[in-house]
Amino acid sequence: MASNRFGRIFAFSSFGESHGPAIGCLVDGCPARTPLSENDIQPFLDRRRPGRNKYVSPREELDQVKILSGVFDGLTTGHPILLLIENQDQRPEDYAKLQDVFRPGHADATYQAKYGIRDHRGGGRSSARETASRVAAGAVARKMLGSFPATRGIKVMAGLVRLGSVAAEKAVWDLPAINSNPFFCPDPTAIQAMQAEMEQRMRQGDSVGGEVEIRAFGVPPGFGEPVYDRLDARIGAACLGLNAVKGVEIGDGFAASHGVGGRDHNDQMRTPPSGILSEAYQSNHAGGILGGISTGQEIVVRCAIKPTPTIACPQKTVDRDWREVELAASGRHDPAVCIRAVPVLEAMLWLILADFFLLKRAGGRPE
Ligand SMILES: Cc1cc2nc3c(=O)[nH]c(=O)nc-3n(C[C@H](O)[C@H](O)[C@H](O)COP(=O)(O)O)c2cc1C
């Protein structure tokens, strides 16, 4: 069964391959009268696009988005919004040697086994080129949430908090700091060490993994639909649904199982003078979600991302006839996919929040 749709009420379906003529998505369920233009989407695509600096894939894609439907006189009409991004810098010849050879760590062998046919040019649909559609849809979700008083104050920020052996200090969370370096790292003191790590890996023709943290501020309490649509479960699925993400933590995550007692882990409560739930908690080990429902505190999510599978140094693999071969891949690749995963994970959180907001309005307590 095909699965190219994300979301229940605020939903999008993506289409297109790495080396086809275009990629894009159809956003459905966006309420009518949301102000929307290409200018609301383009800056987010610009942050994700390849070719921005020497630490990301050098493929030169401008990722210019066109809105083909669902917007009239600068407002959404309540009908499907088609977002189209043309592919411009394809070099299918770079992938000729991958026609019959499976890249270790990539999706080539599993796609071939499942479908019996595979677009080897850039990995076809398994390429993270598809994630531009997520970013475009996420920008629409953000704009929609910004147009309702209850959700206007939400801010989502993601940043790279680890690159290989270099860990960032997580204290500073502001967008100018995150956007001021090539790694989307919130800690300016870690940049030099990250550069050194990248230079070394790139010299070796190797790649490296990292960790992305996503924070959502100003999410009202009550987002999440227990028991099978818990907010944390949806976030986990969305993050693991991104190429190369191999682990997800909410709040203290795995550290909560490392011997700490409930006395220290539980977020103690006291009477909030304001009567607002989020202000009753004295700490946020839970990461802003309890019982699958947002508490109104900051939502804190961390994703572990593996090293890029396609690398220049030689690897052992097999071809379609099970012959053992050695592969030293060429072509244009991200030496650390965790960098460009940052804007994509941010977009996924916007999309989840948009969907839960509309679900809450549909079935939850009235505003
Ligand atoms: C933003 C982003 C960019 C990526 N760029 C590349 C790339 O240039 N080369 C590559 O081999 N893999 C890249 N990947 C990872 C592959 O898409 C992914 O590892 C592959 O589809 C196999 O899926 P899996 O790792 O989730 O099992 C990228 C992933 C993301 C999120």
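Values below: every heavy atom of this structure, side chains too, minus hydrogens, waters and symmetry copies. As the structure lists them, so they are numbered: ligands from 1, and atoms in each ligand from 1.
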Problem - Under-4.0 Å salt bridge between Glu199 and Lys54 - result: yes
Problem - Heteroatom distance test (Val245, ligand 1): nitrogen or oxygen, under 3.5 angstrom - result: no
Fill in the blank from the handout: closest protein heavy atom to atom 23 (O) of ligand 1 is Ala244 N, 4.3 Å
Completion exercise
If you scan protein heavy atoms around atom 29 (C) of ligand 1, the nearest is Ala128 CB, 3.5 Å
Fill in the blank from the handout: Tested for salt bridge (Lys or Arg N to Asp or Glu O under 4.0 Å) against Asp63, the lone hit among Arg48, Arg340, Arg49, Arg47 is Arg48
Exercise for the section: Using atom types as modelled and distance alone, determine if a side-chain donor or acceptor of Asp319 lies under 3.5 Å from a backbone N or O of Val101. Expected result: no
Problem - Short N-O contact, Glu213 and Arg162, less than 4.0 angstrom - result: no
Exercise for the section: Pull out every atom of ligand 1 sitting under 4.0 Å from any heavy atom of Ser126, numbered as shown with elements. Expected result: 17 (O), 21 (O)
Practice task
Mark the output for Pro309 as yes if a heavy-atom distance to ligand 1 is under 4.0 Å, and as no if none is.
Solution key: yes
Practice task
Note the single closest protein heavy atom to atom 7 (C) of ligand 1, along with its residue, its atom name and the distance in Å.
Solution key: His333 ND1, 3.6 Å
Exercise for the section: Could you find the nearest protein heavy atom to atom 8 (O) of ligand 1 and give me its residue, atom name and distance? Expected result: Asp334 N, 2.9 Å
Practice task
Return the residue, atom name and 0.1 Å-rounded distance of the protein heavy atom closest to atom 27 (O) of ligand 1.
Solution key: Lys246 NZ, 3.2 Å
Exercise for the section: Output the distance between atom CZ (Phe223) and atom CG (Leu359), rounded to the nearest 0.5 Å. Expected result: 10.0 Å
Practice task
Please work out whether any backbone atom (N, CA, C, O) or any side-chain heavy atom from C-beta onward of Thr308 is under 4.0 Å from ligand 1, and answer side chain, backbone, both or neither.
Solution key: side chain
Handout entry: Cationic N near anionic O, under 4.0 Å, Asp229 to Arg8
Key = yes
Completion exercise
Quick look: Arg48 vs ligand 1, heavy-atom contacts under 4.0 Å, and the answer is neither
Handout entry: side-chain contact (heavy atoms from CB on, under 4.5 Å) partners of Lys143, counting only residues at least two apart
Key = Thr34, Pro35, Leu36, Asp40
Handout entry: Polar contact flag for Asn243 and ligand 1 (N/O pairs, less than 3.5 Å)
Key = yes
Problem - Close-contact set for ligand 1 against Thr310 heavy atoms, below 4.0 Å - result: 9 (N), 10 (C), 11 (O)
Exercise for the section: Could you tell me whether some N/O pair between Lys306 and ligand 1 is separated by less than 3.5 angstrom? Expected result: yes
Practice task
Provide, to 0.1 Å, the distance between atom 6 (C) of ligand 1 and the closest protein heavy atom, together with that atom's residue and name.
Solution key: Val337 CG1, 3.6 Å
Exercise for the section: Return the residue, atom name and 0.1 Å-rounded distance of the protein heavy atom closest to atom 20 (C) of ligand 1. Expected result: His106 CE1, 3.5 Å
Handout entry: ligand 1 contact by Val344, heavy-atom criterion under 4.0 angstrom
Key = no
Problem - Atom NZ of Lys306 with >12 non-hydrogen neighbours under 6.0 angstrom - result: yes
Acceptor/donor pairs from residues 16-25 side chains to any protein atom, 3.5 angstrom cut, sequence neighbours excluded:
residue: Ser18; atom: OG; partner: Arg59; partner atom: NH1; Å: 3.0
residue: His19; atom: ND1; partner: Arg121; partner atom: O; Å: 3.3
residue: His19; atom: NE2; partner: Arg91; partner atom: N; Å: 3.4

Fill in the blank from the handout: Value for CG (Asn4) from CG (Leu26), rounded to nearest 0.5 Å, stands at 12.0 Å
